[in-house]
Amino acid sequence: SLTRKTGTIYSADEIYRVTYSSAPKSTVYLRGFVGKDYGGDEWKAAGDSDLEKYYREKGLELPERKEELANLTYEVFRNGDFGRVLVEELAAPGSYAVYPYGARIPEDYKSHWDGTVERQKGRYEFLYSTPEGYLPEQALSGTLAETEAGYRAYVYDTFCEYSADNFPELTAFLEQAEFRTDSVYHSLEDVLTYLKRNAVYDLGVANTPAGEDFVEYFLFESKRGYCAHFASSAVLMLRYLGVPARYATGYAAAPGAFK
C-alpha cells in the first residue's frame with residue numbers, strides 16, 4: 001500500500017545486519033517485495049500463475065524450479081567478485097527474505113517466479129557474485145541462455161505495460177517530454193535526472209488527497225515525496241518509454257556502511 005494509514009515514526013533502530021565475506025566495492029541492494037501492477041494507491045505482486053499462463057500460451061518451457069530465474073544474475077556474474085553474504089533479522093520479521101542482487105537462491109527456500117523469497121527463518125545465507133558490469137565472455141550459453149530468452153520475452157511483454165487512459169496528465173507530459181528512447185541507459189538517465197531536478201525528497205509529506213492519483217499528484221502538484229513516490233513514478237515513466245520496469249522495495253547500503 002502506498003497510503004499511510006497512521007503516522008510513521010523513524011526510530012533509527014537496526015532492522016537487519018548484513019555480513020559479506022569481503023568488503024563490498026559498490027552499493028549493495030537488498031530487495032524484498034516486487035510489484036507488477038499499479039492501482040493508484042498500491043502495487044500488487046505478480047502471482048505465480050501469471051508467468052505460468054504466459055509460458056503456456058507462448059509454448060515456452062518452464063524452468064524446473066522457480067529460483068532458476070532469480071539465479072540468472074548470479075550465473076552471468078559468477079566470474080566477478082564471489083563470496084558469501086549473511087542477512088540476520090534484528091527486528092520484527094516481514095513476509096519476505098531480503099537478499100542482494102547477484103545472490104544464488106538455494107533450492108530449499110520457497111521462492112516465486114518473480115524472484116521473491118518467502119521468509120523461513122531469521123538468518124539467510126547466500127552465495128553471491130557481484131553484478132558490477134557485463135563482459136561478453138560472461139554471457140549465458142546452452143540451457144541457461146534458453147531460459148533467459150524465454151524470460152526476456154515475458155519481461156518485455158509484461159513489464160512495459162502502460163495504460164495511457166489511466167494517467168492522462170502523465171501521458172500528456174510524456175508525449176511532450178524529450179526523453180531519449182535509443183537505449184535503456186539513456187531512458188533511465190533522463191527519468192532520474194528529471195525526478196532529481198523537479199521533486200524534493202521529504203519524509204513528512206501527507207497522504208495523497210482523495211480522488212487524486214498517487215503518482216500524478218506527486219509529479220505535478222506536491223512535487224515532494226519519499227521513496228515510494230520516486231520509485232512508482234520512475235516505473236511508470238520507464239514503461240511508457242519502452243523500458244521494462246517493476247516496483248521493488250528493500251534497502252541500499254553503500255560501501256561506507258560496512259566495517
Side-chain angles (χ1 to χ4, degrees), residues 1-10 29 31-51 53-54 94-96 98 112-116 154-181 184-252:
S1 174
L2 299 173
T3 301
R4 291 173 168 172
K5 297 181 180 179
T6 58
T8 301
I9 298 174
Y10 294 90
Y29 294 96
R31 67 93 173 267
F33 169 81
V34 176
K36 169 182 174 283
D37 298 317
Y38 172 75
D41 60 358
E42 68 176 353
W43 283 92
K44 292 184 178 180
D48 287 339
S49 60
D50 291 354
L51 181 140
K53 179 182 178 182
Y54 178 90
S95 301
Y96 297 93
V98 299
H112 298 279
W113 290 120
D114 64 2
T116 55
Y154 168 74
V155 165
Y156 273 88
D157 284 344
T158 303
F159 300 115
C160 285
E161 292 180 351
Y162 176 92
S163 176
D165 293 338
N166 291 342
F167 315 109
E169 195 169 2
L170 176 59
T171 302
F173 163 75
L174 290 170
E175 287 176 347
Q176 299 299 319
E178 297 182 350
F179 292 155
R180 292 170 291 179
T181 58
V184 170
Y185 177 81
H186 285 154
S187 296
L188 181 60
E189 185 178 47
D190 289 352
V191 167
L192 295 184
T193 298
Y194 174 82
L195 291 173
K196 289 178 181 178
R197 291 178 177 175
N198 293 276
V200 176
Y201 187 82
D202 183 357
L203 292 172
V205 296
N207 282 332
T208 304
E212 297 281 357
D213 178 81
F214 184 84
V215 166
E216 291 193 327
Y217 184 78
F218 162 66
L219 288 175
F220 307 115
E221 297 295 333
S222 73
K223 300 185 179 181
R224 308 183 73 87
Y226 42 89
C227 52
H229 294 86
F230 284 86
S232 298
S233 301
V235 170
L236 295 183
M237 295 166 79
L238 288 168
R239 287 183 175 184
Y240 176 89
L241 297 174
V243 178
R246 303 184 296 182
Y247 176 88
T249 66
Y251 302 86

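All of these numbers come straight from a predicted model, not from anything done at the bench. Numbers for residues simply follow the sequence, beginning at 1.
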| task | Report yes if the side chains of Val205 and Ser222 come closer than 4.5 Å at any heavy-atom pair, otherwise no. | result | no
| said: Any non-hydrogen side-chain atom of Tyr247 less than 4.5 Å from a side-chain atom of Phe33? | reply: yes
| message | I'd like to check Val191 versus Leu241 (side-chain heavy atoms, cut-off strictly below 4.5 Å). Are they in contact? | response | yes
| What is the minimum heavy-atom distance between Tyr154 and Ala46, and which atoms define it? | OH-CB, 4.3 Å
| Separation of Leu203 CG from Tyr226 OH (nearest 0.5 Å) | 9.0 Å
| request: Using modelled atom types only, decide if a donor and an acceptor are shared between the side chain of Glu216 and the backbone of Glu169 within a distance under 3.5 Å. | output: yes
| Between Glu189 and Arg180, does a side-chain contact (heavy atoms from CB on, under 4.5 Å) hold up when you go through it step by step? | CA-CA 9 Å; Glu189 185 178 47; Arg180 292 170 291 179; 2.7 Å; yes
| said: If I compare all heavy atoms of Cys160 with all of Pro244, which pair ends up nearest, and what's the gap? | reply: SG-N, 3.4 Å
| Side chain to side chain, Val215 and Phe167, heavy atoms closer than 4.5 Å | no
| query | By ring-ring contact (aromatic ring centres under 6.0 Å, His included), which residues pair with Phe214, not counting sequence neighbours? | reply | His229
| field | Minimal non-hydrogen separation, Met237 against Leu195, with atom names | value | SD-CD2, 4.4 Å
| message | If you define the side chain from C-beta out and look only at heavy atoms, does anything of Leu236 sit under 4.5 Å from Leu170? | response | yes
| request: State, with a plain yes or no, whether a side-chain heavy atom of Tyr240 is found less than 4.5 Å away from one of Phe179. | output: no
| How would you list all residue pairs meeting side-chain hydrogen bond (donor to acceptor under 3.5 Å, both in side chains) that involve residues 31-43, not counting sequence neighbours? | Arg31-Tyr99, Tyr38-Asp213, Trp43-Ser232
| message | Can you see whether Asp114 engages Thr116 through a side-chain donor-acceptor pair at a distance of less than 3.5 angstrom? | response | yes
| query | In terms of heavy-atom contacts, does CZ of Phe173 have more than 12 from other residues, nucleotides or ligands at under 6.0 Å? | reply | yes
| Axial cation check for Tyr162 ring with Arg239, 6.0 Å and 45° limits | no
| task | Enumerate the residue pairs fulfilling side-chain hydrogen bond (donor to acceptor under 3.5 Å, both in side chains) with a member in residues 192-205, sequence neighbours excluded, ordered by first and then second residue. | result | Asp202-Arg224
| Under the 3.5 angstrom rule, does the side chain of Asn207 hit a backbone N or O of Thr3 as a donor-acceptor pair? | no
| remark: When every non-hydrogen atom of Gly242 is compared with those of Tyr156, the smallest separation belongs to O-CE2, 4.2 Å
